[in-house]
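Read the structure below first, then the notes.
As the structure lists them, so they are numbered: ligands from 1, and atoms in each ligand from 1.
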Amino acid sequence: MDRYAVIGHPVEHSKSPLIHAAFARQTEQQLEYGKIQAPLDGFAGTVADLRARGYLGANVTVPFKFEAYALASELTERALNAGAVNTLSFKDGSIQGDNTDGVGLVRDILHNLKFPLAGKRVLLLGAGGAAEGVLGPLLEALPAKLWIANRTVEKAEAMAGRAGKAVLVPEASSFEALAGQVFDVIINATSSGLSNDKLPLPVGLFAPEALAYDMMYGREMPFMVYARAEGVQHIADGLGMLVEQAAEAFYIWRQVRPDTAPVIKALRES
Ligand code: NDP
């Protein structure tokens with residue numbers, strides 16, 4: 001049986017095994033997908049162990065995406081742009097690193113939520129690994145404006161600076177400095193929801209018919225509460241992104257593209 005796993009710390013909460021098992025059933029692929037908690041100082045050792053045991057690939061989650069980037073012997077352009085890796089493929093003595101988070105987010109917004117990005121004013125909140133991963137694919141969707149706001153402004157500025165190759169150079173600021181701006185799509189890529197912290201966002205940021213997207217999922221996040229209070233009708237969580245980034249990893253490994261809609265539906269219902 002071909003074997004894969006998600007590596008993280010913690011990893012107990014991960015829905016990836018459920019998602020990949022559903023993809024495998026649907027596409028009639030013979031594979032096993034487990035979850036492995038690596039010691040915080042033992043990511044490289046865990047990967048070496050999986051390779052020695054014949055695993056064919058792994059997904060990588062918090063906090064190892066940057067280590068996975070450093071460990072990979074080959075990087076795709078998406079991974080290079082993101083500076084982080086969430087999908088590893090082990091073949092012929094090499095470790096290929098890719099990043100499917102960005103394509104997952106963009107596919108969820110465009111195809112599942114049917115919300116356009118081209119020509120839209122987009123605000124990305126956060127400048128951590130998740131924000132880095134989605135910046136390139138967001139820029140490729142050709143928004144009219146892309147603004148990055150982060151608690152640590154220097155990180156937002158550095159991210160905007162690194163996006164130098166793109167047609168559109170993103171703007172960067174603190175949350176407070178957003179006052180007076182208006183956006184069609186606001187994506188929360190901070191982990192502030194984990195601690196239930198409210199972001200210090202000014203009022204009036206949402207254009208009429210705007211989309212508020214929180215990458216976190218599983219419950220109503222403070223960012224969603226804020227968006228609702230601002231009168232936003234289109235509010236989404238990150239469950240669709242989770243399934244879409246997994247589908248892209250599945251495609252990389254198996255060259256078969258699963259249908260994500262029934263898997264998203266089943267996860268929501270559970
Ligand atoms: P990181 O730790 O790399 O980055 C965290 C980011 O959140 C930084 O920008 C940080 O700001 C900001 N932040 C954290 N706490 C607060 C706070 N209390 N107030 C304001 N800003 C805060 O995490 P990731 O980027 O890897 O992940 C971010 C979130 O995205 C996670 O919650 C994760 O679950 C989610 N995610 C969802 C995915 C999906 O498929 N749905 C995929 C990937 C991630 P600063 O720089 O100032 O520290």
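Polar contact check, Phe66 against ligand 1: no nitrogen or oxygen pair lies under 3.5 Å apart. For ligand 1, one of its N or O atoms has an N or O atom of Gly129 under 3.5 Å away. In terms of polar-atom proximity, defined here as any N/O pair under 3.5 Å, Ala131 makes no such contact with ligand 1.
When only modelled atom types and interatomic distance are considered, Asn86 and Thr100 share a side-chain donor-acceptor pair under 3.5 Å. Ser94 and Asp92 are not linked by any side-chain donor-acceptor pair at a separation below 3.5 angstrom, with hydrogens and angles left out of the test. Looking at Asn112 and Glu244, their side chains do bring a donor and an acceptor atom within 3.5 Å of each other.
Less than 6.0 angstrom separates the ring centroid of His234 from the ring centroid of Phe115. A centroid separation of 6.0 Å or more is found between the aromatic rings of Tyr4 and Tyr33.
Looking at atom 14 (C) of ligand 1, its nearest protein heavy atom turns out to be Ser191 OG, 3.3 Å. For atom 4 (O) of ligand 1, the nearest protein heavy atom (residue, atom name, distance) is Gly128 CA, 3.4 Å. The protein heavy-atom contact nearest to atom 34 (O) of ligand 1 is Met216 CG, 4.2 Å. Looking only at heavy atoms of the protein, atom 37 (C) of ligand 1 is closest to Met215 O, 3.4 Å. Protein heavy atom at the shortest distance from atom 47 (O) of ligand 1 is Thr152 OG1, 2.5 Å. Nearest protein neighbour of atom 29 (C) of ligand 1, counting heavy atoms only, is Thr190 O, 3.6 Å. Looking only at protein heavy atoms, the nearest one to atom 16 (C) of ligand 1 is Arg151 NH1, 3.3 Å. Scanning all protein heavy atoms for the shortest distance to atom 30 (O) of ligand 1 gives Ala130 CB, 3.8 Å.
A side-chain donor-acceptor contact under 3.5 Å links Asn150 to the backbone of Ala127.
Of all the heavy atoms of Lys155, the ones lying under 4.0 Å from any atom of ligand 1 belong exclusively to the side chain. With a heavy-atom cut-off of 4.0 Å, Leu239 does not touch ligand 1 at all. At a heavy-atom distance under 4.0 Å, only side-chain atoms of Asp197, from C-beta outward, approach ligand 1. Contacts between Glu132 and ligand 1 below 4.0 angstrom, taking non-hydrogen atoms only, are absent altogether. Residue contacts with ligand 1, taken as heavy atom pairs separated by less than 4.0 Å, involve Ala189 solely via the backbone atoms N, CA, C and O. The proximity of Asn150 to ligand 1, defined as any non-hydrogen pair under 4.0 Å, is limited to the side chain.
Applying the 4.0 Å criterion to heavy atoms of Ala127 picks out, from ligand 1, the atoms 9 (O). If you number the atoms of ligand 1 from 1 as listed, the ones under 4.0 Å from a heavy atom of Gly126 come out as 9 (O). Of all atoms in ligand 1, listed by their number and element, those nearer than 4.0 Å to a heavy atom of Lys65 are 43 (C).
Note on ring orientation: taking the six-membered ring where Trp is involved, the planes of Phe206 and Phe223 are tilted (angle from 30° to 60°). Classified by interplanar angle (parallel below 30°, tilted 30° to 60°, perpendicular above 60°), the ring pair Phe64/Phe43 is parallel.
Across Asp237 and Gly218, no two heavy atoms sit closer than the pair OD2-N, 4.2 Å. Heavy-atom minimum distance, Lys35 versus Val11: CD-O, 3.5 Å. What you find for Ala246 and Phe23 is that their closest heavy atoms are C-CE1, 3.6 Å.
Between Glu74 and Lys91 there is no salt bridge, since no side-chain N of the basic residue sits under 4.0 Å from a carboxylate O of the acidic one.
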